[in-house]
A.B. asks: 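Below you'll find the structure I mean.
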Amino acid sequence: KPLGGIIKLQRWRWEWWGCCLWDLLCNYGWQVWNEWCVMLQAAVAYYERCFDQLHCAKHPILGEAPHKPILLLALMQMVETGTLKSKQIGLTPLLQQTFEKVWYQYVCTQHKMNLAQPFYHMQYEPFWNIQRKATSNDDFYNKNKMKSLYSLQQQVDYATIDDELWACWQDKNSRENLAAFLIMRYFNKTQPQPENNAPSKGATILSIHNHMMPSIIWGHDWAEAMVA
């Protein structure tokens with residue numbers, strides 16, 4: 001009987017220590033979760049400010065170039081579908097395809113669709129960094145030579161985004177909030193256009209040429225005003 005009492009006492013002690021340890025882990029986990037949520041909220045607020053102040057070309061008739069917002073929306077869509085699995089962003093056919101799809105969903109102006117321009121010019125935003133190829137040369141610094149995907153692919157391996165922005169994109173609510181902010185800020189709408197209403201690429205280019213005027217009217221290069 002004394003031995004049985006000792007065993008019960010030891011078991012009670014272990015159970016007590018187990019409960020204390022469990023409470024400690026739960027409280028610590030809850031604290032970590034709260035800190036993570038606060039960090040995400042602060043990060044979302046910061047990147048909303050960054051997205052609100054994107055350096056987009058402004059045209060007196062067409063308004064702000066939509067290329068950078070469209071690229072960001074395309075990337076977030078790729079994260080959502082699981083086709084973008086790291087913060088390294090390459091100039092892939094899938095990115096081009098997604099960019100075109102999102103473009104026709106949201107862009108109603110006669111800007112010329114071009115993925116190379118926002119991919120290149122996004123380097124002037126605080127969250128975007130471009131990793132150049134080892135064979136890259138001084139042509140990279142000439143923006144007039146970086147207007148085509150082929151030219152850019154000769155100079156660039158990939159782009160990366162901030163760790164904090166990637167963390168926001170990994171969280172469904174944060175990603176959706178940032179996407180909604182971009183859509184309302186640059187396109188003033190909540191729903192994309194139906195895909196069957198999207199104009200063909202040829203029709204878009206033809207429409208641009210029909211409305212093109214000499215650059216002397218605007219006082220700057222037309223092509224620069226049409227892209228980000």
Side-chain angles (χ1 to χ4, degrees), residues 32-56 64-109 111 113-123 125-131 149 152-153 156-199 201 204 228:
V32 170
W33 173 253
N34 280 339
E35 290 177 355
W36 173 253
C37 291
V38 170
M39 185 278 291
L40 273 182
Q41 291 175 355
V44 169
Y46 169 74
Y47 288 112
E48 281 183 351
R49 292 195 297 272
C50 290
F51 291 177
D52 183 47
Q53 301 171 13
L54 292 175
H55 299 84
C56 299
E64 287 183 299
H67 301 73
K68 286 183 178 180
I70 291 297
L71 175 55
L72 292 169
L73 288 171
L75 291 171
M76 282 186 272
Q77 187 173 112
M78 291 176 66
V79 171
E80 182 177 353
T81 58
T83 52
L84 181 62
K85 301 182 182 298
S86 79
K87 67 174 190 173
Q88 291 187 358
I89 302 162
L91 284 163
T92 63
L94 181 58
L95 176 57
Q96 172 74 10
Q97 178 184 353
T98 308
F99 181 85
E100 290 183 6
K101 177 182 177 182
V102 177
W103 179 279
Y104 287 131
Q105 285 178 329
Y106 290 106
V107 178
C108 299
T109 60
H111 287 93
M113 183 174 60
N114 185 328
L115 171 59
Q117 291 278 41
F119 196 98
Y120 175 79
H121 288 288
M122 197 81 80
Q123 65 180 305
E125 308 301 340
F127 52 83
W128 188 274
N129 297 283
I130 287 182
Q131 180 64 41
L149 280 178
L152 194 58
Q153 286 169 337
V156 172
D157 262 338
Y158 55 83
T160 61
I161 58 173
D162 290 348
D163 290 335
E164 294 80 3
L165 181 55
W166 179 249
C168 290
W169 285 3
Q170 294 301 296
D171 178 71
K172 184 176 185 293
N173 289 334
S174 300
R175 184 176 65 248
E176 290 179 349
N177 287 339
L178 288 172
F181 178 86
L182 277 171
I183 293 168
M184 291 302 297
R185 164 66 175 83
Y186 292 95
F187 308 107
N188 194 28
K189 62 176 69 174
T190 57
Q191 296 296 326
Q193 300 181 60
E195 289 190 23
N196 56 3
N197 287 343
K201 183 177 180 181
T204 302

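Quick note: numbers below take in every heavy atom, side chains included, and nothing from hydrogens, waters or symmetry partners. Keep in mind that this is a model prediction, so the values were computed, not measured.
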A.B. asks: With rounding to the nearest 0.5 Å, note down the distance linking CD1 in I161 to CG in L75.
C.D. replies: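 The CD1 atom of I161 sits 7.5 Å away from the CG atom of L75.
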A.B. asks: Any heavy-atom pair between the side chains of N177 and Y47 that's under 4.5 Å?
C.D. replies: no
A.B. asks: Check whether any side-chain heavy atom of Y46 lies under 4.5 Å from a side-chain heavy atom of P126, and answer yes or no.
C.D. replies: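 Contact flag for Y46/P126 side chains = yes.
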A.B. asks: Working to the nearest 0.5 angstrom, can you tell me the gap between I70 CD1 and T98 OG1?
C.D. replies: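 Nearest 0.5 Å value for the CD1-OG1 distance: 12.0 Å.
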A.B. asks: Please give me the minimum heavy-atom distance between Y120 and I130, naming the atom from each residue.
C.D. replies: O-CD1, 3.8 Å
A.B. asks: Which heavy atom of M122 sits nearest a heavy atom of W128, and at what distance?
C.D. replies: O-CB, 3.2 Å
A.B. asks: Side-chain contact test, heavy atoms from C-beta onward, threshold under 4.5 Å: evaluate it for L178 versus L182 and give yes or no.
C.D. replies: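 They are not in side-chain contact.
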A.B. asks: Heavy atoms only: give me the nearest H67-N114 pair and the separation to one decimal.
C.D. replies: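 Minimum heavy-atom contact is CD2-O, 3.6 Å.
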A.B. asks: In the structure I gave you, are the side-chain heavy atoms of F127 and L72 within less than 4.5 Å of one another anywhere?
C.D. replies: yes
A.B. asks: Report yes if some heavy atom in the side chain of P118 is under 4.5 Å from a heavy atom in the side chain of F99; otherwise report no.
C.D. replies: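 Sidechains of F99 and P118: in contact.
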A.B. asks: For the pair E125 (side chain) and H55 (backbone), establish whether a donor and an acceptor sit closer than 3.5 Å, ignoring hydrogens and angles.
C.D. replies: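 Indeed, once roles are kept as given, a pair shorter than 3.5 Å links the two residues.
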A.B. asks: Rounded to the nearest 0.5 Å, what separation is found between the CG atom of L94 and the OG1 atom of T83?
C.D. replies: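 Result: 5.0 Å between the selected atoms.
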A.B. asks: Got a donor-acceptor contact below 3.5 angstrom from the K68 side chain to the H121 backbone?
C.D. replies: yes
A.B. asks: Calculate, to the nearest 0.5 Å, the distance between atoms CD and CE belonging to E176 and M76 respectively.
C.D. replies: 10.5 Å
A.B. asks: Any side-chain heavy atom of F181 within less than 4.5 Å of one from D52?
C.D. replies: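 Yes, their side chains come closer than 4.5 Å.
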A.B. asks: Would you name the heavy atoms of L91 and Q153 that are closest together and state the gap between them?
C.D. replies: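 Smallest heavy-atom distance, with atoms named: O-NE2, 3.2 Å.
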A.B. asks: Between H111 and W103, what is the shortest heavy-atom contact and its length?
C.D. replies: O-CZ2, 3.4 Å
A.B. asks: Counting C-beta onward and ignoring hydrogens, is there a side-chain heavy-atom pair between Y106 and P66 closer than 4.5 Å?
C.D. replies: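 Not touching, per the 4.5 Å side-chain cut-off.
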A.B. asks: Does a side-chain heavy-atom distance below 4.5 Å link T160 with Q131?
C.D. replies: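 In short, these two side chains do not touch, never coming nearer than 4.5 Å.
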A.B. asks: How far does CZ of F187 sit from SG of C108, to the nearest 0.5 angstrom?
C.D. replies: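 Rounded to the nearest 0.5 Å, the CZ-SG separation comes out at 9.0 Å.
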A.B. asks: I'd like to know if the side chain of Q41 reaches the main chain of V38, judged simply by a donor and an acceptor atom lying under 3.5 Å from each other, with no hydrogens or angles considered.
C.D. replies: no
A.B. asks: Can you tell me how far apart CG (L95) and CD (Q97) are? Round to the nearest 0.5 Å.
C.D. replies: 10.0 Å
A.B. asks: Looking at N129, D163, D162, which one forms a side chain to side chain donor-acceptor pair (under 3.5 Å) with K87?
C.D. replies: D163
A.B. asks: If I compare all heavy atoms of S174 with all of C168, which pair ends up nearest, and what's the gap?
C.D. replies: CB-O, 3.3 Å
A.B. asks: Main chain of F51, side chain of Y186: is a donor-acceptor contact present, judged purely on distance under 3.5 Å?
C.D. replies: yes
